Amino acid sequence: MTGVSECQFKIARKGWDLPFLAEAEELGALRRVVEFHLHRWGLPELAEPARLCVTELVTNVITHVGPGTPTTLSVSMNGVHLRLEVTDPDTRALPALVEASGDAEGGRGMALVNAVTDRWGVILRGDTKVTWCELPTGLRSPTDHAEGPRIAKAEALLALFSFGGIRGPGRSDPLSVSAAEETVIELIIDLLHWLRSHGCDPGEALDRAQTRFENALC
C-alpha cells in the first residue's frame, strides 16, 4: 500500500514581477501582495520577514533614488530560498550595510535585511540596479511543502483515501495540489456524512473546526 513517505504533493511556486512607482503610500499594498502570495505558496511563516525586507528595499529607493521612481518587485524561488528583488534605474545609489547609532533615524534598513535573511546583494544590469535578498524556507526542494505534525497526519489520511482513486495501483507520480484539493474535499464530504449518520450536526462540527484552525494560526 502507498506509504506516507510516497505521498508527495508538489506546489508550483511560479515567480512574478510587479512594476510600481516607489512611493511611501505603496508600501502597504506591496506588503499585502507579498503576504497573499506567500500564503498561496504555503509559506505563511515567511510573510513577516518578507514584508520587512520589501519595506526596507523599497524605502531605500524612495530615500536614495527619489519618490516616484519606476521600480519593480520580483518574487521567486531560488532553489529552496525565497528570493526578493527590487529593481530601479539608478546604478549610482548603492545600498550599503552600515552601523547606525541607537537614536539614528536612518541607516538601519540593510542591517534589518541582513539580520533576517541568509544573504543579500546588488546586481548592476546596464542602466538598472537590482537589490536582492534571500530567505531560508526550510523546504527540501522548490516544490516541497512545509512540514509539521498536522500536515504529516493529513498526508497519511490522503495517502489512504486516494489509494485506488486518484493515485491508484501502478501510479507513482506525485499528486498535484489541485488533485489533492479535490481529494481533501471528497474526504471532508465523507466525514460530514459520517457525522450526520451518527446524529451529529455537520455544520456545528465545521464551525468548531474553523475556529480551531484560525486559533492555531494565531
Side-chain angles (χ1 to χ4, degrees), residues 8-67 69-98 100 106-148 151 174 176-178 217:
Q8 301 173 358
F9 303 91
K10 291 187 175 182
I11 300 178
R13 299 182 174 99
K14 184 178 180 181
W16 51 273
D17 301 325
L18 177 63
F20 63 97
L21 297 181
E23 301 281 359
E25 294 78 10
E26 295 292 330
L27 290 174
L30 291 171
R31 287 191 291 261
R32 288 190 294 272
V33 168
V34 169
E35 181 174 13
F36 171 78
H37 277 87
L38 291 181
H39 278 270
R40 290 292 301 272
W41 282 5
L43 301 172
E45 69 282 354
L46 294 183
E48 183 174 350
R51 287 196 307 260
L52 183 150
C53 290
V54 168
T55 298
E56 298 304 332
L57 295 182
V58 175
T59 299
N60 260 356
V61 177
I62 297 171
T63 303
H64 300 292
V65 183
T69 298
T71 309
T72 300
L73 170 65
S74 302
V75 180
S76 62
M77 293 295 296
N78 181 24
V80 294
H81 281 77
L82 175 72
R83 186 178 177 94
L84 306 172
E85 297 182 352
V86 170
T87 303
D88 69 75
D90 192 327
T91 59
R92 298 166 300 170
L94 302 181
L97 183 61
V98 298
R108 298 178 180 175
M110 296 314 297
L112 290 173
V113 171
N114 186 67
V116 301
T117 63
D118 267 4
R119 48 186 176 258
W120 66 274
V122 181
I123 302 172
L124 299 181
R125 294 174 177 166
D127 57 354
T128 63
K129 172 177 84 261
V130 180
T131 307
W132 60 271
C133 62
E134 292 185 351
L135 291 156
T137 64
L139 302 177
R140 295 165 296 189
S141 73
T143 58
D144 192 17
H145 58 78
E147 295 290 346
I151 293 175
S176 68
V177 173
S178 59
L217 297 179

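Since the model is a prediction, treat every value here as computed from it, not as a measurement.
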With E85, which residues qualify under side-chain hydrogen bond (donor to acceptor under 3.5 Å, both in side chains), at least two apart? R83

Starting at NZ of K14, measure out to OG of S76 and round the result to the nearest 0.5 Å.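 Taking NZ in K14 and OG in S76, the distance rounds to 12.5 Å.
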
Is any side-chain heavy atom of V86 closer than 4.5 Å to one of V130?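 Side chain of V130 against side chain of V86, heavy atoms only: no contact under 4.5 Å found.
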
Quick check: closest heavy atoms across T72 and P19, and the distance to 0.1 Å?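 Result for this residue pair: OG1-CA, 4.0 Å.
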
Output for pair (I123 CD1, T128 OG1), nearest 0.5 Å, gives 9.5 Å

For P44 and H39, which heavy atoms make the closest approach, and how far apart are they?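 The pair with the smallest heavy-atom distance is CB-CE1, 3.4 Å.
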
Smallest separation among heavy atoms of P70 and P89, with atom names: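 Taking every non-hydrogen atom into account, O-CD, 3.4 Å.
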
Value for CE (M110) from OG1 (T59), rounded to nearest 0.5 Å, stands at 11.5 Å

Residues at least two apart in sequence or cross-chain that pass side-chain hydrogen bond (donor to acceptor under 3.5 Å, both in side chains) with W120, listed by chain then number, are N114

Taking C-beta and beyond as the side chain, do V54 and L73 meet within less than 4.5 Å on heavy atoms? yes

Name of the residue among N60, L57, L84, T87 meeting side chain to side chain contact (heavy atoms under 4.5 Å, CB included) with T131: L57

Can you check whether L18 reaches L30 side chain to side chain, under 4.5 Å on heavy atoms?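 Counting from C-beta outward, L18 and L30 do come under 4.5 Å.
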
Which atoms form the tightest heavy-atom contact between P142 and G79, and what is the distance?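 Taking P142 first and G79 second, the nearest heavy atoms are CG-O, 3.2 Å.
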
Residues in side-chain hydrogen bond (donor to acceptor under 3.5 Å, both in side chains) with T91, at least two apart? none

Taking salt bridge (charged side-chain N to carboxylate O under 4.0 Å, His left out) as the cut-off, I'd like each qualifying pair that reaches into residues 116-131, sequence neighbours left out, listed once.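 Passing the test, one end in residues 116-131: D88-K129, R119-E134.
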
Do P136 and V80 make a side-chain contact, defined as non-hydrogen atoms from C-beta onward lying under 4.5 Å apart?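 No, too far: nothing below the 4.5 Å cut-off.
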
Roughly how far, to the nearest 0.5 Å, is the CD atom of E48 from the CG atom of L135?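 With rounding to 0.5 Å, CG (L135) is 11.5 Å from CD (E48).
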
Got a sec, which pairs hit side chain to side chain donor-acceptor pair (under 3.5 Å) with one end in residues 19-36, sequence neighbours left out?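 Every pair satisfying side chain to side chain donor-acceptor pair (under 3.5 Å) with a residue in residues 19-36: R31-T55, E35-R51.
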
Going through the distances and angles, do L46 and W41 end up as a side chain to side chain contact (heavy atoms under 4.5 Å, CB included)? CA-CA 10 Å; L46 294 183; W41 282 5; over 6 Å; no

Identify the heavy atoms of V61 and A22 that sit nearest to each other, and give their distance. CG1-CB, 3.8 Å

Spacing of L112 atom CG and C133 atom SG [to the nearest 0.5 Å]: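 Reported to 0.5 Å precision, the distance equals 11.5 Å.
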
With distance as the sole test, does T137 use its side chain to make a donor-acceptor pair with the main-chain N or O of L139 at under 3.5 Å? yes

With a cut-off of 6.0 Å (strictly less than), are more than 12 heavy atoms of other residues, nucleotides or ligands near CD of E45? yes

Side-chain contact, heavy-atom cut-off 4.5 Å: T69 with I62?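 They are not in contact (no side-chain heavy atoms under 4.5 Å apart), so the answer is no.
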
Working to the nearest 0.5 angstrom, can you tell me the gap between I11 CD1 and R40 CZ?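 Nearest 0.5 Å value for the CD1-CZ distance: 11.0 Å.
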
Looking at A93, is its backbone amide N or carbonyl O close enough to the side chain of D90 to form a donor-acceptor pair, meaning the two atoms are under 3.5 Å apart? yes

Ring pair (Phe, Tyr, Trp, His ring centres under 6.0 Å) against H37, all qualifying residues, sequence neighbours excluded: W16

